[in-house]
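Before any comments, here is the structure.
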Amino acid sequence: NTQRTFLEWASSAGFNRARKGLVMRRGIRLVGLFCLAGFWGCASVLASEPIGTIRFIEGVVDIARNNENAVPANENDRLYLNDRIRTKSYSKAQIVLDDSSVLKLAPNSCMMVDAFKLAEDKKRQKAHIQLTRGEVEAIVSKTGAPDTFSIETPNAEGSVKGSDIFVSLRLLSLTCADLYHIQPLV
């Protein structure tokens, strides 16, 4: 057999070893990138400090961290900045922030603490809560200066000065079926 195929010639000429080396280098680079990405992910989780604790849950409550899928919440779970907390129907949650402020979520509510900062003496410098659905009662501790605790809804924002506040957000939701059944006034 004087005729050899191209693959036989290439493997005898050392091309196969070179190809294996290239594949190995690519594999090592990919593993290195995954390790680096994992390190950055772990570093970001370790760098963010907890800002509060879920003290009471009744019914079904979930937490979405870092805009990922929601997971069921449990009592004594720690909360971190930008965690989205949702209560389902017939469910409630009570959250105690690290400045001793208490947030009570009613059924069908959704909120997120998007800013929270304590001084070294544990006095609140800033707390900002976004309520996107439902109701929240905030019992604000007097550990911070006035106007350091605020609650925002899609259409309003208010500051709290060391007292209790109840915020309710009712969104009007009409479906196509609702619009179809609306009778015009004559």
Side-chain angles (χ1 to χ4, degrees), residues 37-175 178:
F39 174 74
W40 278 334
C42 290
S44 68
V45 169
L46 294 174
S48 64
E49 304 241 345
I51 60 168
T53 306
I54 298 177
R55 289 291 179 214
F56 173 77
I57 289 179
E58 180 180 305
V60 180
V61 178
D62 59 31
I63 303 173
R65 290 199 161 97
N66 300 320
N67 293 322
E68 293 183 8
N69 292 336
V71 295
N74 298 304
E75 289 182 3
N76 297 318
D77 277 356
R78 296 292 282 161
L79 293 181
Y80 296 87
L81 206 58
N82 297 317
D83 282 357
R84 184 169 304 279
I85 302 102
R86 283 189 311 191
T87 57
K88 304 292 184 163
S89 300
Y90 308 107
S91 302
K92 302 178 201 174
Q94 180 177 328
I95 299 160
V96 178
L97 298 176
D98 287 348
D99 69 342
S100 300
S101 296
V102 178
L103 302 171
K104 296 179 181 179
L105 272 88
N108 297 314
S109 298
C110 184
M111 62 150 270
M112 176 176 68
V113 180
D114 64 352
F116 190 82
K117 186 173 182 185
L118 292 178
E120 288 184 19
D121 59 355
K122 295 290 183 184
K123 290 190 177 185
R124 180 183 57 251
Q125 292 180 332
K126 181 175 177 98
H128 187 263
I129 284 72
Q130 285 187 0
L131 180 68
T132 55
R133 183 181 72 216
E135 301 171 346
V136 64
E137 178 184 0
I139 304 167
V140 181
S141 69
K142 297 180 181 177
T143 60
D147 295 333
T148 58
F149 193 99
S150 62
I151 299 178
E152 179 183 352
T153 66
N155 57 358
E157 182 174 359
S159 294
V160 183
K161 298 180 180 184
S163 60
D164 297 4
I165 186 170
F166 182 78
V167 180
S168 177
L169 176 64
R170 306 269 181 199
L171 297 177
L172 176 64
S173 61
L174 294 176
T175 63
D178 294 331

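Here Arg55 pairs with nothing under the salt bridge (Lys or Arg N to Asp or Glu O under 4.0 Å) rule; sequence neighbours left out.
A pairwise comparison of heavy atoms in Phe116 and Asp98 identifies CZ-N, 4.0 Å as the closest pair. Across Ser89 and Pro107, no two heavy atoms sit closer than the pair C-CB, 4.5 Å. Closest approach of Leu105 and Cys110 over heavy atoms only: CD2-N, 4.5 Å.
Considering only heavy atoms from C-beta on, Thr132 comes within 4.5 Å of Arg84 through its side chain. Taking 4.5 Å as the limit, every side-chain heavy atom of Lys92 sits out of range of all side-chain heavy atoms of Gln94. Ile63 is listed as a side-chain neighbour of Ile54, based on a closest heavy-atom distance under 4.5 Å. Proximity of Leu79 to Val113: side-chain heavy atoms (C-beta onward) are nowhere separated by under 4.5 Å. For the pair Ser141 and Ser101, the minimum side-chain heavy-atom distance is below 4.5 Å. Using a 4.5 Å heavy-atom threshold, the side chains of Thr87 and Glu58 count as separate.
A salt bridge is absent between Asp99 and Lys126: the closest approach of a Lys/Arg side-chain nitrogen to an acidic carboxylate oxygen does not fall below 4.0 angstrom.
For the atom pair CG of Asp83 and CG of Asn66, the computed distance is 7.5 Å after rounding to the nearest 0.5 Å. Rounding to the nearest 0.5 Å places CG of Asp62 at 9.5 Å from CD1 of Ile57. Interatomic distance, CD of Gln130 versus CD of Glu157, reported as 9.0 Å (0.5 Å rounding). The structure places CZ of Arg65 at 6.5 Å from CG of Asp77, a figure rounded to the nearest 0.5 Å. Tyr90 contributes atom OH, which lies 8.5 Å from atom CG of Asn108 (distance to the nearest 0.5 angstrom).
Neither side chain, Ser109 nor Arg133, offers a donor N or O lying under 3.5 Å from an acceptor on the other.
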Do any side-chain atoms of residues 144-152 form donor-acceptor pairs under 3.5 angstrom with protein atoms, and if so which ones, sequence neighbours left out?
| unit_1 | atom_1 | unit_2 | atom_2 | d |
| --- | --- | --- | --- | --- |
| Thr148 | OG1 | Arg124 | NE | 2.9 |
| Thr148 | OG1 | Ala145 | O | 2.8 |
| Glu152 | OE1 | His128 | NE2 | 3.0 |

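Not a single donor-acceptor pair under 3.5 Å links the side chain of Thr153 to the backbone N or O of Leu131.
A salt bridge (Lys or Arg N to Asp or Glu O under 4.0 Å) check over residues 103-123, counting only residues at least two apart or in different chains, returns nothing.
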